[in-house]
2 protein chains.
Amino acid sequence: MLSDEQKLLVEKIGLMLESEGLSPAVSRVLGLLLVSDKVELTFDEIRETLNLSKSATSNALNIAIKLNRAEYITKPGDRKRYFKSKIELWREHVMDGFCKKCSWSKMFEEVLKHRTKETKDFNKAIKDLVNFLEYMGKELPKLYKEWESKTK
Amino acid sequence: MLSDEQKLLVEKIGLMLESEGLSPAVSRVLGLLLVSDKVELTFDEIRETLNLSKSATSNALNIAIKLNRAEYITKPGDRKRYFKSKIELWREHVMDGFCKKCSWSKMFEEVLKHRTKETKDFNKAIKDLVNFLEYMGKELPKLYKEWESKTK
DNA sequence: TTTATGGTTCTTCAGTTGCGGAACTAAAAA
DNA sequence: TTTTTAGTTCCGCAACTGAAGAACCATAAA
């Protein structure tokens with residue numbers, strides 16, 4: 001099913017996704033869906049290739065689907081589900097992650113509102129951070145749109 | 001030491017940082033260092049305010065320091081350490097997080113290199129992602145420099 | 001020297017997580 | 001109607017994590 005190189009790649013992607021907080025099984029399932037020559041894989045193909053139990057496979061797939069990183073399709077006259085990566089959404093996931101960080105500015109603004117006014121330097125550092133996050137929060141969507149228009 | 005509102009803020013920041021993968025204690029310590037009217041806090045002030053044990057306080061502070069999110073200073077003729085937030089670095093931490101994501105392009109490029117050439121659409125989606133991440137990886141530092149020069 | 005201070009390290013323990021195995025279920029096939 | 005297929009759900013275990021408590025250590029004060 002997978003060459004040795006492909007297996008290594010699945011593990012590498014696995015580690016990358018684990019570092020993002022995903023569990024080992026979910027990470028490897030998503031890795032497999034990226035690496036496999038077949039774009040659509042059945043439950044059992046995934047289970048066998050990754051040496052997972054049925055329950056682990058089921059849970060991992062459902063989590064991946066809930067995270068909007070995988071989906072499944074069906075085929076007429078075939079009871080199997082065919083699972084595939086939602087690769088087109090990775091871009092948006094990345095952007096969402098960026099924007100989430102930028103929205104922290106609200107939190108820091110609230111901190112600032114409740115801080116003593118005595119600690120000028122410290123407060124200024126927070127204010128700088130707020131400004132920076134707001135700047136990014138405004139510029140990142142612009143950048144995204146620019147890229148979209150460039151690639152159309 | 002803390003008003004009720006400040007305590008709530010520490011918890012809110014705590015949740016924010018927990019969502020980034022930090023442990024509860026580390027998250028609250030960093031929250032406290034942002035919210036407290038005193039900018040420099042002693043070990044025992046932190047311990048008492050957050051109702052932590054000495055060991056938990058010690059570990060949380062050392063982790064925060066290792067993560068480059070806190071530091072301590074000392075004062076002549078005083079054995080205590082005074083812990084404070086490295087608030088000025090949050091900006092860079094945010095940028096580092098962004099850049100780390102962009103560097104994923106390498107991984108996807110490697111995936112692409114090993115993929116069958118049969119799956120044109122899928123491969124194109126990956127290639128788009130690579131291009132997007134590389135674009136962001138180039139534009140983000142520009143944006144950062146622009147912001148730096150604007151605020152000087 | 002002894003004692004107090006300021007923290008660190010070690011051990012323990014409760015809670016959580018991720019996974020496997022087995023039992024279960026719904027729908028289709030025989 | 002029974003059996004097979006394609007998964008899901010429940011239970012249990014092993015490994016891990018975070019924090020408490022206590023013992024420990026290094027430095028300074030008495």
Side-chain angles (χ1 to χ4, degrees), chain A residues 1 10-11 13-33 38 40-67 69-84, chain B residues 1 7 10-11 13-33 36 38 40-67 69-84:
Chain A
M1 179 85 218
V10 170
E11 290 307 312
I13 298 172
L15 293 181
M16 182 178 96
L17 294 177
E18 276 185 53
S19 84
E20 291 295 293
L22 298 186
S23 75
V26 174
S27 302
R28 272 143 199 83
V29 166
L30 292 176
L32 172 60
L33 295 182
K38 279 199 220 175
E40 296 159 2
L41 292 177
T42 68
F43 187 97
D44 268 325
E45 285 170 337
I46 295 167
R47 218 201 82 257
E48 280 168 31
T49 313
L50 297 178
N51 284 305
L52 288 174
S53 66
K54 286 178 82 175
S55 56
T57 308
S58 176
N59 286 324
L61 281 168
N62 287 322
I63 290 168
I65 288 167
K66 201 166 292 170
L67 292 176
R69 296 190 165 278
E71 66 185 328
Y72 65 84
I73 58 170
T74 50
K75 303 185 178 185
D78 187 345
R79 276 207 276 154
K80 291 188 200 104
R81 296 173 185 169
Y82 291 82
F83 297 91
K84 51 186 295 196
Chain B
M1 180 87 217
K7 283 178 195 164
V10 170
E11 291 307 311
I13 296 172
L15 293 181
M16 182 179 97
L17 294 177
E18 275 185 53
S19 84
E20 290 294 292
L22 299 186
S23 73
V26 174
S27 302
R28 271 140 199 86
V29 166
L30 291 175
L32 173 59
L33 295 182
S36 161
K38 279 199 219 175
E40 296 159 2
L41 292 177
T42 67
F43 187 96
D44 269 324
E45 284 169 339
I46 294 168
R47 220 201 81 257
E48 280 169 31
T49 311
L50 297 178
N51 283 305
L52 288 174
S53 66
K54 287 177 82 174
S55 57
T57 308
S58 177
N59 286 324
L61 282 169
N62 287 322
I63 290 168
I65 288 167
K66 202 167 292 173
L67 292 175
R69 296 188 165 279
E71 65 184 329
Y72 65 85
I73 57 170
T74 50
K75 303 184 179 187
D78 186 346
R79 270 165 61 202
K80 292 187 198 101
R81 295 173 185 170
Y82 291 81
F83 297 91
K84 51 186 298 194

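What you see is a predicted model; the values in this text were computed from it and never measured. Letters go in sequence order (proteins before strands), and every chain restarts at 1.
- Counting heavy atoms from C-beta on, the side chains of B:V26 and B:L17 never come closer than 4.5 Å.
- For C:dG20, the OP1/OP2 oxygens have no side-chain nitrogen or oxygen of A:R47 closer than 4.0 Å.
- In this structure, CG of B:L50 is placed 15 Å from C1' of D:dG18, rounded to the nearest angstrom.
- Computed from coordinates, the A:L41 CG to D:dA6 P distance equals 15 Å when rounded to whole Å.
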Please write out each protein N/O paired with an N/O of nucleotides 28-30 of chain C under 3.5 Å, distance rounded to 0.1 Å.
unit_1 : atom_1 : unit_2 : atom_2 : d
C:dA28 : O4'    : A:R79  : NE     : 3.3

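- The interatomic distance linking B:D78 (CG) with C:dA4 (P) rounds to 19 Å, in whole Å.
- Within a 6.0 Å sphere centred on OH of A:Y82, heavy atoms belonging to other residues, nucleotides or ligands number more than 12.
- Listed candidates were D:dG7, D:dA19, C:dC19. Nearest to the side chain of A:S23 is C:dC19.
- Remark: C1' of D:dA19 and CD1 of B:I46 are 17 Å apart, rounded to the nearest angstrom.
- Position along DNA chain C of the nearest nucleotide to A:L22 versus B:K80 favours B:K80 as the more 5'-ward residue.
- Look at CZ on A:R81: it is 11 Å from C1' on C:dA26, rounded to the nearest Å.
- Counting heavy atoms from C-beta outward, A:E48 and A:M1 have side chains that stay 4.5 Å or more apart.
- Atom CZ of B:F43 is separated from atom P of C:dG7 by 7 Å (rounded to the nearest Å).
- Remark: side-chain polar atoms of B:S36 are not paired, donor with acceptor, to backbone N or O of B:L33 under 3.5 angstrom.
- DNA chain D is contacted by A:K54, A:S55, A:S58, A:N62 of residues 51-63 of chain A, taking any non-hydrogen atom closer than 4.0 Å.
- Side-chain contact check for A:L32 versus A:I46: some heavy-atom pair is nearer than 4.5 Å.
- Atom CD1 of A:I73 is separated from atom P of D:dA6 by 15 Å (rounded to the nearest Å).
- Residues A:T74 and A:D78 fail the side-chain proximity criterion, which asks for heavy atoms closer than 4.5 Å.
- The existence of a salt bridge linking A:K75 and A:E40 is confirmed by a sub-4.0 Å separation between a basic side-chain nitrogen and an acidic carboxylate oxygen.
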Distance-only criterion, 3.5 Å: show the donor-acceptor pairs between side-chain atoms of residues 59-67 of chain A and protein atoms not counting sequence neighbours.
unit_1 : atom_1 : unit_2 : atom_2 : d
A:N59  : ND2    : A:S55  : O      : 3.2
A:N62  : ND2    : A:S58  : O      : 3.1

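- The minimum heavy-atom distance linking A:T57 with A:L52 is given by the pair OG1-CB, 3.4 Å.
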